[in-house]
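Structure first, then comments.
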Amino acid sequence: MSTLTRPAVDTTDAPAKPRRLRGLAWLMARQHRVPLLFWLAVTVLGSLWIAYQRGTMLDNMHAAGWPGTSADAIDPALRERTGNTFNDIAGYAVGLPLLLGIFLAAPLISADHEQGTARLVTTQSVTRMRWLRWKLGFAFGLAAVTTAVLGAMLTWYWHAARPFVSTDWYDDSVLTTTGPMLVAMAFFTMALGLAIGALVRRAVTAMTLTFFGASAFVIFFDYLKPYLATPRRIAFPLHAEHPPVPNGAHQLDQWVGTASGKLYGYGTCVHADADACRAQKGIVNSVWEYFGYDQMATLQWTAAAVLFMASALLVALVLWRTRRRAL
């Protein structure tokens, strides 16, 4: 008689698959996988959207006869649609630094303090400063990738769209979303959110304060812009026709002035005895103060340098505060 035998069951544990990431790198990717995947998706999809819109714009302009036909001779309705599309995309990009500061930076450290994760991690043979450096590196690295790629794509789009867009580069979102500005603005709002989070140690409170702080900074930046470069001036005889100015120039102010170059406010000597008042003060010229379009890069890089330095100071505050304060 034959007997049925069953093969022995192997009860030994299967070897674990090796991780591609180890230590704090794995912890950062695991703990922050949602913002990591979200911002990478924003970067990829945003870049594809910008590339598509730029290609569509050029196809429409070529179909309208450009470059054989000058940009001014193209259908105004088409140019208006082109401008609206670009302004919409740039308007969305303006909000990226604010969102990074509120939803990535503000809760990055404060949530770990609030939930006890910071204390847990630093009891697992990881020093406090090493943990903090990894947190900061992850946050700023992710922000840099997102804003650098999208800022470069917007700059590429703007150079192609500029002939057809009647956008004031100084007052509208062009200045703050192209060149180095998107990265610089994001770094500052990130550093602001991290500093607030390290001080208050409550995620929701830090996010709320970061929103108001970053919004106040946007308002302050409008007052800072005129001091980032030296404006140019055009002087011409009082009441004479305004001379031509460079294409794309942005007017900052208007003055009246003397032959020696002394300036008065544009409303000086506008009362009944205006001629006698001007003669007494020696006013003979109108003066127009402006930024040329070729100064845009100077404005951007000067602002970026200021923002990077301010970000470095805020990060130094975070490191100092976290190092001295008990977890």
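The figures here come from the full heavy-atom set of this structure, side chains too, leaving out hydrogens, waters and symmetry mates. Since the model is a prediction, treat every value here as computed from it, not as a measurement. Start at 1 with the first residue, then count along the sequence.
The two residues F86 and A161 make their nearest non-hydrogen contact at CD1-CB, 4.4 Å. Listed here is the closest heavy atom pair of A93 and T177: CB-CG2, 4.0 Å. Nearest heavy-atom pair, A105 versus L194, reported as atom, atom and distance to 0.1 Å: O-CD2, 3.5 Å. Annotation for H159 and P163: closest pair O-CD, 4.1 Å, computed over non-hydrogen atoms. Smallest separation of non-hydrogen atoms from G91 and S173: N-OG, 4.0 Å. Annotation for G193 and T210: closest pair CA-OG1, 3.4 Å, computed over non-hydrogen atoms.
No continuous path of hydrophobic side-chain contacts links L317 to L313 [ILVMFWY only; heavy atoms under 4.5 Å]. Neither V318 nor M309 shares a network with the other; the hydrophobic side chains, linked directly or stepwise wherever heavy atoms of I, L, V, M, F, W or Y lie under 4.5 Å apart, form separate groups for each. Clustering ILVMFWY residues whenever any of their side-chain heavy atoms sit less than 4.5 angstrom apart, transitively, puts F221 in the very cluster that holds L252. Under a hydrophobic clustering in which Ile, Leu, Val, Met, Phe, Trp and Tyr are joined whenever their side-chain heavy atoms come within less than 4.5 Å, directly or via other members, F138 and W134 fall into the same cluster. Linking Ile, Leu, Val, Met, Phe, Trp and Tyr residues whenever their side-chain heavy atoms come within less than 4.5 Å leaves M153 and L48 in two separate clusters.
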Quick one, F212 with I196, criterion side-chain contact (heavy atoms from CB on, under 4.5 Å). Give me CA distance, side-chain angles, the key distance, then yes/no. CA-CA 11 Å; F212 287 109; I196 293 174; over 6 Å; no
Could you walk me through whether V174 and V165 pass side-chain contact (heavy atoms from CB on, under 4.5 Å), step by step? CA-CA 11 Å; V174 176; V165 177; over 6 Å; no
Working for side-chain contact (heavy atoms from CB on, under 4.5 Å), residues L175 and F291: CA-CA 12 Å; L175 185 68; F291 278 133; over 6 Å; no
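Each salt bridge (Lys or Arg N to Asp or Glu O under 4.0 Å) pair with one or both residues in residues 135-159, not counting sequence neighbours, appears once here: D112-K135. Legend: side chain to side chain donor-acceptor pair (under 3.5 Å) pairs involving residues 50-66, not counting sequence neighbours: none detected. Pairs engaging residues 242-271 under the disulfide (SG to SG under 2.5 Å) rule: C269-C277 [sequence neighbours left out]. Contacts classified as side chain to side chain donor-acceptor pair (under 3.5 Å) and involving residues 298-308 (residues at least two apart or in different chains) are given here: T178-Q300.
Summarising the geometry, atom CG belonging to L78 is positioned 4.5 Å from atom OG1 belonging to T82; distances are rounded to the nearest 0.5 Å. Atoms CZ and CG, on F217 and D222 in that order, are 9.5 Å from each other to the nearest 0.5 Å. To the nearest 0.5 Å, atoms CG (L98) and CE (M185) are separated by 9.5 Å. Atom-to-atom distance recorded for K281:NZ and T258:OG1 is 11.0 Å, nearest 0.5 angstrom. Going from atom CG of L40 over to atom CG of L142 covers 6.0 Å, rounded to the nearest 0.5 Å. Here the straight-line distance linking atom CG of L100 with atom CZ of F188 works out to 14.5 Å at 0.5 Å rounding.
Considering only heavy atoms from C-beta on, L199 stays 4.5 Å or farther from L209 through its side chain. In this structure the side chain of P107 reaches within 4.5 angstrom of the side chain of M207, judged on heavy atoms. With contacts defined as side-chain heavy-atom distances shorter than 4.5 Å, the pair R162/W169 does not qualify.
Looking only at distances, a side-chain donor or acceptor of T268 sits under 3.5 Å from a matching main-chain atom of G265. Formation of a donor-acceptor pair under 3.5 Å by the Q295 side chain with backbone atoms of T230 is found in this model. Using modelled atom types, one side-chain atom of T189 and one backbone atom of P97 make a donor-acceptor pair closer than 3.5 Å. Of the possible polar contacts, none joining the T69 side chain to the A73 backbone as a donor-acceptor pair under 3.5 Å is found. Between the side chain of W255 and the backbone N or O of E289, no donor-acceptor pair lies under 3.5 Å. Between the D75 side chain and the A77 main chain, a donor and an acceptor come within less than 3.5 Å of each other.
Ring planes of F308 and F187: perpendicular class, angle over 60° (limits at 30 and 60°). Aromatic ring orientation, W288 versus Y290: parallel (interplanar angle below 30°, classes split at 30° and 60°). Ring geometry for W49 versus Y92: interplanar angle of 30 to 60°, hence tilted.
Clustering of Ile, Leu, Val, Met, Phe, Trp and Tyr side chains at separations under 4.5 Å places Y264 together with L238, V256, Y266, I283. Residues near V284 contribute nothing to a hydrophobic cluster around it, because no ILVMFWY side-chain heavy atom sits closer than 4.5 Å to its side chain.
The local environment of CZ in F211 is sparse, with at most 12 non-hydrogen atoms from other residues, nucleotides or ligands closer than 6.0 Å. Dense packing is recorded around OH of Y293, with more than 12 heavy atoms of other residues, nucleotides or ligands lying under 6.0 Å away. Within 6.0 Å of the CG atom in D294, the count of heavy atoms belonging to other residues, nucleotides or ligands exceeds 12.
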